[in-house]
Protein chains: 2
Amino acid sequence: METTIERATKIVKQGGFKLTKQRKSLLELLAENYQRYIDLTDLDGKMRELYPKMSYTTVYRNIREFSNLGLVEEQQHDGKTEVKFQCDDLHQHHHHFICNRCGKVQELEMCPLNFFEEQIPGSTITGHQFELYGLCAECTMKATN
Amino acid sequence: METTIERATKIVKQGGFKLTKQRKSLLELLAENYQRYIDLTDLDGKMRELYPKMSYTTVYRNIREFSNLGLVEEQQHDGKTEVKFQCDDLHQHHHHFICNRCGKVQELEMCPLNFFEEQIPGSTITGHQFELYGLCAECTMKATN
DNA sequence: ATCAATGCAAACCTTTTGCACGCGT
DNA sequence: ACGCGTGCAAAAGGTTTGCATTGAT
């Protein structure tokens with residue numbers, strides 16, 4: 001069975017990009033946080049904590065590239081740019097429930113769009129944004145202790 | 001009948017703030033764009049186009065204040081800060097359909113939250129974000145000409 | 001060997017802050 | 001007259017760009 005990193009590196013190469021140390025490290029760090037969004041500046045900081053020689057320019061540039069390749073998802077939350085590794089379910093449409101405490105992301109099975117399509121007669125819906133925030137079951141338990 | 005600006009100025013005064021020329025002008029510009037979100041930097045630019053002596057510091061500071069007073073709504077879209085005058089329906093919970101072409105905002109009558117509350121057992125939903133984007137009926141008509 | 005990717009420094013854009021002056025109350 | 005609000009300049013924070021050097025293929 002292929003790992004998510006193997007799949008990702010394949011996509012990077014197929015995109016015509018070279019597999020540098022920096023890109024490998026970035027993919028590793030992203031993969032470690034597989035199921036959560038990470039603040040981009042935190043990712044950048046953590047990256048240069050692990051590899052002090054790496055420049056933040058490289059982090060930003062590559063996240064951009066990965067984003068174009070569909071390997072990471074970007075989102076804005078609380079005015080911050082957040083980033084998440086996206087390797088499987090590549091083309092599936094879904095929304096998220098995001099835990100404010102641990103940052104874990106759960107995919108929702110339902111898309112609320114259907115309920116709204118008939119509400120705005122004559123218009124054309126081309127995009128939508130839907131996210132839930134709160135405490136996941138685990139963190140809810142911890143919080144009530 | 002009271003105008004939205006009159007209502008807004010009242011709220012500003014009641015908040016303990018002075019009614020300066022700059023604040024009046026800002027409220028006017030916001031009121032002109034009553035039903036749409038405006039990019040904050042655009043608003044800033046337009047403001048100093050109309051009143052070249054006004055400093056952008058003042059725009060940002062007052063938008064902040066207005067936001068705290070509930071007079072403007074802020075939102076992030078495409079990585080930009082957008083701002084909308086909010087005078088009536090002050091405390092009503094609602095979501096938006098936002099036209100990508102003319103920027104007009106329509107309020108939706110339904111909140112999709114209800115459909116999702118039972119989907120994540122054990123967790124606590126504390127916030128959600130939901131916006132639709134597209135072309136409003138008017139712009140859809142224009143687009144198909 | 002080639003050309004893309006990196007690191008560095010500097011620019012950039014949006015937003016915030018400190019401070020002396022001016023204006024609304 | 002008092003003190004908040006303004007303008008200015010400068011800083012801050014995140015992100016992008018230009019360019020010479022390094023490194024993957």
Side-chain angles (χ1 to χ4, degrees), chain A residues 5 8-30 37-69 71-83, chain B residues 5 8-30 37-69 71-83:
Chain A
I5 293 202
T9 56
K10 199 180 285 182
I11 292 173
V12 169
K13 283 185 183 173
Q14 279 169 3
F17 297 101
K18 291 176 182 168
L19 194 61
T20 62
K21 264 181 270 173
Q22 290 88 337
R23 282 183 183 146
K24 266 186 234 174
S25 317
L26 239 189
L27 285 176
E28 274 163 29
L29 188 51
L30 284 166
Y37 280 94
I38 324 166
D39 182 287
L40 184 47
T41 64
D42 288 353
L43 183 82
D44 174 38
K46 206 167 284 182
M47 212 56 215
R48 266 165 317 103
E49 201 176 289
L50 293 172
Y51 313 94
K53 286 186 186 172
M54 186 184 298
S55 133
Y56 52 89
T57 313
T58 301
V59 176
Y60 279 96
R61 252 188 307 227
N62 283 316
I63 286 293
R64 249 296 153 93
E65 253 159 30
F66 291 170
S67 189
N68 291 147
L69 288 170
L71 286 174
V72 311
E73 291 213 343
E74 262 178 270
Q75 113 181 335
Q76 304 287 127
H77 185 215
D78 274 348
K80 292 171 186 169
T81 305
E82 295 179 342
V83 138
Chain B
I5 292 203
T9 57
K10 199 180 286 182
I11 292 173
V12 169
K13 283 185 182 172
Q14 279 170 3
F17 297 101
K18 291 176 181 168
L19 196 60
T20 61
K21 264 179 271 175
Q22 291 86 337
R23 282 182 183 149
K24 266 186 233 172
S25 317
L26 239 188
L27 285 176
E28 275 163 28
L29 188 52
L30 283 166
Y37 279 94
I38 324 166
D39 182 287
L40 184 46
T41 63
D42 288 354
L43 183 83
D44 174 40
K46 206 168 283 183
M47 213 56 214
R48 267 164 316 102
E49 201 175 290
L50 293 172
Y51 312 94
K53 285 186 185 173
M54 186 185 297
S55 131
Y56 51 89
T57 313
T58 301
V59 175
Y60 279 96
R61 252 188 307 228
N62 283 316
I63 286 293
R64 247 299 153 93
E65 253 157 30
F66 291 171
S67 189
N68 290 147
L69 288 170
L71 287 174
V72 311
E73 291 214 342
E74 263 177 88
Q75 110 181 337
Q76 303 289 126
H77 185 216
D78 274 348
K80 292 171 185 168
T81 304
E82 295 179 342
V83 138

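Sequence lines set the chain letters: A, B, ... in the order given, protein chains first and strands last, and positions in each chain run from 1.
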Peer 1: With a cut-off of less than 4.0 Å, is there a side-chain N or O of B:Thr81 near OP1 or OP2 of C:dT15?
Peer 2: yes
Peer 1: How far apart are the closest heavy atoms of B:Leu26 and B:Met47, and which atoms are they?
Peer 2: N-CE, 3.3 Å
Peer 1: With sugar-phosphate meaning primed atoms plus P, OP1 and OP2, does B:Arg64 contact a base, only sugar-phosphate, or nothing at under 4.0 Å between heavy atoms?
Peer 2: sugar-phosphate
Peer 1: Any non-hydrogen side-chain atom of B:Ile63 less than 4.5 Å from a side-chain atom of B:Leu43?
Peer 2: yes
Peer 1: Which of the following nucleotides, D:dA24, D:dA9, D:dT16, is nearest to the side chain of B:Tyr56?
Peer 2: D:dA9
Peer 1: What is the distance, rounded to the nearest whole Å, between atom CG of A:Asp44 and atom C1' of D:dG14?
Peer 2: 10 Å
Peer 1: Strictly by modelled atom types, are B:Thr58 and B:Gln22 linked by a side-chain donor-acceptor pair under 3.5 Å?
Peer 2: no
Peer 1: Using every non-hydrogen atom in the two residues, find where B:Leu69 and B:Gly15 come nearest and quote the distance to one decimal.
Peer 2: CD2-CA, 4.3 Å
Peer 1: On DNA chain C, nearest-nucleotide positions of A:Phe17 versus B:Leu40: which is more 5'?
Peer 2: A:Phe17
Peer 1: A side-chain contact here means heavy atoms from C-beta on lying under 4.5 Å apart; do A:Thr41 and A:Lys80 qualify?
Peer 2: no
Peer 1: Just the rounded figure in Å: distance from P of D:dT15 to CG of A:Asp42.
Peer 2: 11 Å
Peer 1: Could you work out which one of D:dT25, C:dT15, C:dT25 sits closest to the side chain of A:Lys13?
Peer 2: D:dT25
Peer 1: Is the distance from OP1 or OP2 of C:dG7 to the nearest side-chain N or O of A:Thr58 less than 4.0 Å?
Peer 2: yes
Peer 1: Taking the side chain of A:Arg23 as its heavy atoms from C-beta onward, which of C:dT6, C:dT15, D:dG14 lies nearest to it?
Peer 2: C:dT6
Peer 1: Measure from CD1 on B:Ile63 to P on D:dT6 and round the result to the nearest Å.
Peer 2: 12 Å
Peer 1: How close or far is atom P of C:dT16 from atom CG of B:Asn68, stated in whole angstroms?
Peer 2: 11 Å
Peer 1: Please state how far atom CG in B:Asp39 lies from atom P in C:dT14, giving the value in whole angstrom units.
Peer 2: 8 Å
Peer 1: Of the nucleotides D:dC8, D:dC19, D:dG5, which one has an atom closest to the side chain of B:Thr57?
Peer 2: D:dC8
Peer 1: Check whether any side-chain nitrogen or oxygen of B:Gln22 sits under 4.0 Å from OP1 or OP2 of D:dG7, and answer yes or no.
Peer 2: yes
Peer 1: Choosing from D:dA9, D:dC8, C:dT14, which nucleotide comes nearest the side chain of B:Arg61?
Peer 2: D:dC8
Peer 1: Over how many whole Å does the gap from A:Lys24 atom NZ to C:dA5 atom C1' extend?
Peer 2: 14 Å
Peer 1: Where is the tightest heavy-atom contact between A:Ser67 and A:Glu74, given as atom of each residue plus distance?
Peer 2: OG-OE1, 3.1 Å
Peer 1: Tell me: CE of A:Met54 to P of C:dA5, nearest whole Å?
Peer 2: 14 Å
Peer 1: Would you tell me if any nitrogen or oxygen in the side chain of B:Tyr60 comes within less than 4.0 Å of OP1 or OP2 on C:dT16?
Peer 2: no
Peer 1: With respect to the side chain of A:Thr41, which nucleotide from D:dG7, D:dG14, C:dT6 is positioned closest?
Peer 2: D:dG14
Peer 1: Name the closest nucleotide to the B:Asn62 side chain, picking from C:dG7, D:dG5, D:dT6.
Peer 2: D:dT6
Peer 1: Just to be sure I understand the rule, does A:Lys80 reach a base, reach only the sugar-phosphate, or reach nothing, if contact means heavy atoms closer than 4.0 Å?
Peer 2: nothing
Peer 1: What is the separation between atom CE on B:Met47 and atom P on C:dT15, rounded to the nearest whole Å?
Peer 2: 16 Å
Peer 1: Give the nucleotide from the list D:dG14, C:dA5, C:dT25 with an atom nearest to the side chain of A:Lys18.
Peer 2: C:dA5
